[in-house]
Novice: 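My questions will all concern the structure given below.
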Amino acid sequence: MRATKVVVLVVGSIALLGLVAGFITWVVLSNQNAPTPPPTEVIQLDWWKNCVLYQIYPRSFKDSDGDGIGDLKGIISELKHFVDAGVDAIWMSPIFESPMVDFGYDISNFYDIHYEYGTMEDFEELLDKAHELGLKVLLDFVPNHASNESEYFIKSEAREPGYENFFIWADPLPNPENPGVRLPPSNWVSQFGGSAWEWSEKRQQYYLHQFAIQQVDFDFRNPAVKQEMFNIMKFWLDKGADGFRLDALPYLIEADPADHEGRYPDDPLSGLTQFESHQLGYTIPLYTKDLIELYDVVYEWREFLDEYNKNHGGDTRVVFSEGYANVSMTMLYYGNEDGAIGAHFPFNFDFITDLSSKSNARDFVYIILRWLTYMPYGGIPNWVFGNHDNNRMPTRFRHDMVDGLNIINMLLPGVAVTYQGEEIGMRDGYVSWEDTVDIEACNRGDPDTYHLYSRDPARTPYHWDNSTSAGFSTSTNTWLPVAEDYQEINLAKQKETARSHFKNYQALTKLRKQATLSHGEYDIRALSDRTFYLVRSLPTHDTYVLLFNVSERRDTVDLGRVPHLTLPATVYVSSIHSARLAGHEITSSQLSLEAGEALVLKAQPI
Ligand code: NOJ
């Protein structure tokens with residue numbers, strides 16, 4: 001009896017195991033024959049969330065009338081360049097009426113176009129033509145300060161009712177030791193050097209200027225100033241502008257004397273002995289930068305803009321904020337954890353401030369992930385490689401890194417920002433002391449040191465071709481000299497050459513339209529000190545992988561360590577000095593990359 005039971009149990013178990021094995025085989029086999037699943041559905045993103053945003057520095061982009069200065073008609077004549085390059089939106093440094101002390105960042109009339117750049121009709125034509133081509137146009141909004149030639153300042157200095165407190169005015173400090181010598185209200189230092197306070201003979205008071213003496217700081221605690229900012233924004237939105245870049249926000253608000261026994265408190269001293277009291281760096285800007293109240297102003301602007309969008313319909317108008325601050329203070333521009341919403345994004349300057357030719361692959365990964373880690377949930381990231389305030393990207397990094405850097409920009413999730421010239425790898429131009437016009441260089445530097453501060457090298461005219469003044473102007477007398485390398489580096493030449501930075505740029509802007517890049521996941525990691533990978537993947541869509549050797553030496557990496565990369569994979573884009581052309585197959589998992597070599601590989605969907 002017992003023996004029978006054992007036999008039944010053994011036979012039963014074997015039968016059950018057989019059944020399970022059969023079922024597993026059936027599942028595996030039937031899946032093998034199953035049709036490929038349909039591509040993952042992707043929801044169309046709002047236009048700005050994955051756009052290529054191009055910064056124009058109007059003075060240096062294209063001169064239409066031969067005066068050596070770029071202008072709006074020049075921009076209009078080259079709008080096709082953006083379509084050709086695959087750009088979706090442009091933002092222009094200020095084009096408003098200005099004495100040009102800081103080349104447009106000192107606005108004397110916020111409601112009109114600067115005469116050297118053209119007329120209001122030209123601006124309207126630019127908007128119409130850009131919109132016809134599907135391009136968005138953003139203006140530079142400069143809320144922190146106005147020119148001392150603006151009506152606002154003239155009226156405020158004269159204490160005209162309504163304008164008396166438009167700016168930050170203060171009495172001198174009492175000077176018991178030397179009553180004959182005036183003392184400024186505090187030790188605050190201007191961004192362009194010297195005291196941030198300037199005496200007005202007319203009003204017999206000091207006014208605050210965080211930038212040049214001619215750029216007077218508005219008082220954002222005055223409701224009339226806040227209202228005027230809404231009026232200005234509304235004026236340009238009504239004209240059809242698609243939004244604004246917001247200038248210099250960290251300086252919007254300073255400490256209130258009401259909180260400091262009636263006087264402007266001194267900033268603490270940095271203790272850095274190389275700086276004298278008039279030099280930037282002498283103090284720590286505790287009371288002059290990143291004040292928490294400024295964010296409320298930004299949140300109010302966002303509310304205003306959202307309301308405008310709601311009432312007027314059409315495509316979303318956006319604000320992108322400018323400010324150099326630490327990561328926490330930067331992220332607050334997106335919004336805060338109490339639910340306030342700010343800019344659509346703050347510009348991410350990490351590639352300018354935290355990375356350079358000295359960085360290794362781990363530094364790149366760490367800095368990229370820092371933004372993605374700190375960014376609030378649902379935020380849209382963005383990547384900036386240069387602008388009119390910093391040395392150009394190939395100069396800060398190495399010339400052989402141009403394609404790799406443009407690839408990072410285009411392959412990372414979010415918005416890719418290009419400063420004019422980056423698409424062709426333009427480098428800093430040389431500007432002698434005699435030719436230097438940048439106020440920061442003139443104020444802070446001298447013939448020996450100006451190059452440490454000058455922003456002119458990043459502002460030299462755009463290189464269209466190898467004709468007179470690089471095709472920027474018919475005049476040889478341009479406002480800044482044309483960089484000497486224009487015969488070698490120019491757009492026309494790069495369009496003709498089989499492999500060029502521009503052709504890569506075009507391939508990359510096209511690639512960004514693929515769902516993997518707009519909607520896919522990212523994975524980024526260092527494979528060694530020299531090389532890192534960035535994988536973009538989306539189920540059922542092709543996988544794209546960047547491999548970038550940022551070092552000055554060859555590196556061999558093991559592709560088996562790159563997740564989701566199945567071999568063979570095809571080269572989609574390669575840096576122009578790479579021996580591998582687009583279409584080349586990578587079959588071996590051991591891959592050698594030359595110094596600065598960057599490859600985008602296309603691989604099977606995950
Ligand atoms: C930031 C701008 O980008 C820079 O060019 C200007 O000098 C300052 N803000 C002051 O407006």
Side-chain angles (χ1 to χ4, degrees), residues 39-55 82-91 130-131 133-138 242-245 302 305-306 309 314-321 331 333-335 341-351 368-369 371-385 405-419 422-423 504-524 534-546 572-573 600 602 605-606:
T40 311
E41 286 259 342
V42 291
I43 299 160
Q44 184 73 34
L45 295 177
D46 199 355
W47 72 266
W48 62 274
K49 293 188 172 176
N50 189 47
C51 71
V52 176
L53 174 66
Y54 187 103
Q55 180 191 352
F82 304 119
V83 179
D84 205 23
V87 162
D88 305 295
I90 53 179
W91 82 262
H131 286 163
L133 293 169
L135 296 163
K136 301 281 189 248
V137 180
L138 274 68
D242 299 293
F244 305 98
R245 174 257 192 192
R302 177 60 187 268
L305 195 70
D306 284 352
N309 279 325
D315 289 352
T316 311
R317 292 128 186 119
V318 289
V319 280
F320 303 145
S321 62
M331 292 302 159
Y333 289 106
Y334 274 113
I341 306 176
H344 289 76
F345 60 70
F347 280 108
N348 171 359
F349 296 133
D350 291 351
F351 277 93
I368 291 168
L369 285 177
W371 187 277
L372 295 166
T373 306
Y374 278 79
M375 188 177 67
Y377 175 75
I380 298 295
N382 73 96
W383 314 96
V384 181
F385 286 76
L405 295 169
N406 279 336
I407 296 171
I408 303 179
N409 195 6
M410 296 292 169
L411 250 67
L412 281 168
V415 174
V417 185
T418 296
Y419 175 54
E422 280 170 9
E423 73 279 27
N504 275 345
Y505 189 90
Q506 285 178 307
L508 292 164
T509 54
K510 195 164 150 222
L511 182 64
R512 281 175 68 78
K513 306 279 180 248
Q514 303 261 342
T516 306
L517 294 198
S518 55
H519 290 70
E521 281 301 325
Y522 64 85
D523 183 5
I524 177 164
L534 164 64
V535 177
R536 298 299 312 275
S537 60
L538 184 68
T540 72
H541 293 265
D542 290 331
T543 301
Y544 290 94
V545 178
L546 161 66
Y572 180 84
V573 172
V600 178
K602 179 173 156 178
I606 55 170

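Note: hydrogens, waters and symmetry copies are ignored here, and every other heavy atom, side chains too, is used.
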Novice: Output the distance between atom CD (Gln514) and atom OH (Tyr572), rounded to the nearest 0.5 Å.
Specialist: 6.5 Å
Novice: Between Trp47 and Lys136, is there a cation-pi geometry (under 6.0 Å to ring centre, at most 45° from the normal)?
Specialist: yes
Novice: Using the side-chain contact (heavy atoms from CB on, under 4.5 Å) rule, take Val417 and Phe320 through it: C-alpha gap first, then chi angles, then the decisive distance, then the call.
Specialist: CA-CA 11 Å; Val417 185; Phe320 303 145; over 6 Å; no
Novice: Side-chain contact, heavy-atom cut-off 4.5 Å: Val52 with Asn409?
Specialist: no
Novice: Do you know which two heavy atoms are closest between Tyr334 and His344, and how far apart they sit?
Specialist: CE2-O, 3.8 Å
Novice: Please round to the nearest 0.5 Å and tell me the distance separating atom NE2 of His541 and atom CD1 of Ile606.
Specialist: 10.5 Å
Novice: Shortest non-hydrogen contact from Ile408 to Leu546?
Specialist: CG1-CD2, 3.9 Å
Novice: For the pair Thr418 and Tyr505, evaluate side-chain contact (heavy atoms from CB on, under 4.5 Å) and give the outcome as yes or no after the intermediate values.
Specialist: CA-CA 10 Å; Thr418 296; Tyr505 189 90; 2.7 Å; yes
Novice: Let me know which of Thr543, Leu511, Asp542, Val573 forms a side-chain contact (heavy atoms from CB on, under 4.5 Å) with Lys602.
Specialist: Asp542
Novice: Do Asn406 and Glu423 have side chains that get closer than 4.5 Å, going by heavy atoms?
Specialist: no
Novice: Taking only residues two or more places apart in sequence or in another chain, which ones pass side-chain contact (heavy atoms from CB on, under 4.5 Å) with Asn348?
Specialist: Asp350, Trp371, Asn382, Trp383
Novice: Specify the closest pair of heavy atoms between Gly342 and Arg302, including all atoms of both residues, with the distance to one decimal.
Specialist: O-NH1, 2.8 Å
Novice: Considering residues at least two apart in sequence or located in another chain, which fulfil the ring-ring contact (aromatic ring centres under 6.0 Å, His included) criterion with Phe349?
Specialist: Tyr324
Novice: What's the separation between atom CZ in Arg245 and atom CG in Leu53, rounded to the nearest 0.5 Å?
Specialist: 11.0 Å
Novice: Of all residues at least two apart in sequence or in a different chain, which pass the side-chain hydrogen bond (donor to acceptor under 3.5 Å, both in side chains) check with Trp91?
Specialist: none
Novice: Looking only at non-hydrogen atoms, find the nearest pair between Val83 and Leu135 and report the distance.
Specialist: CG2-CD1, 4.5 Å
Novice: Hey, mind stepping through Leu405 and Glu422 against side-chain contact (heavy atoms from CB on, under 4.5 Å) and telling me if it holds?
Specialist: CA-CA 10 Å; Leu405 295 169; Glu422 280 170 9; over 6 Å; no
Novice: Is it the case that the side chains of Ser518 and Asn50 hold a donor-acceptor pair, with the cut-off being a distance below 3.5 Å and no angle test?
Specialist: no
Novice: Might you point out which heavy atoms bring Val137 and His131 nearest each other, and give the distance in Å?
Specialist: N-NE2, 4.4 Å
Novice: Going from OG1 on Thr509 to CG on Asn504, what distance comes out if it is rounded to the nearest 0.5 angstrom?
Specialist: 10.5 Å
Novice: Nearest 0.5 Å please: distance from the CG atom of Leu534 over to the CD1 atom of Ile407.
Specialist: 10.0 Å
Novice: Taking atom NZ as the centre, does Lys513 end up with more than 12 heavy-atom neighbours from other residues, nucleotides or ligands that are less than 6.0 angstrom away?
Specialist: yes
Novice: For the residue pair Asp315 and Asp242, establish whether any side-chain heavy-atom pair is separated by less than 4.5 Å.
Specialist: no
Novice: Donor-acceptor check, side chain of Arg536 to backbone of Glu521, threshold 3.5 angstrom: yes or no?
Specialist: yes
Novice: Only one of Leu517, Leu411, Leu372 passes side-chain contact (heavy atoms from CB on, under 4.5 Å) with Tyr522; say which it is.
Specialist: Leu372
Novice: Indicate the atoms forming the closest heavy-atom contact of Ala515 with Val42, along with that distance.
Specialist: CB-CG1, 3.9 Å
Novice: Go through the steps for Asn309 and Arg317 under the test side-chain contact (heavy atoms from CB on, under 4.5 Å), then give the verdict.
Specialist: CA-CA 7 Å; Asn309 279 325; Arg317 292 128 186 119; 3.0 Å; yes
Novice: For the atom pair OG (Ser321) and CZ (Phe345), what is the distance rounded to the nearest 0.5 Å?
Specialist: 8.5 Å
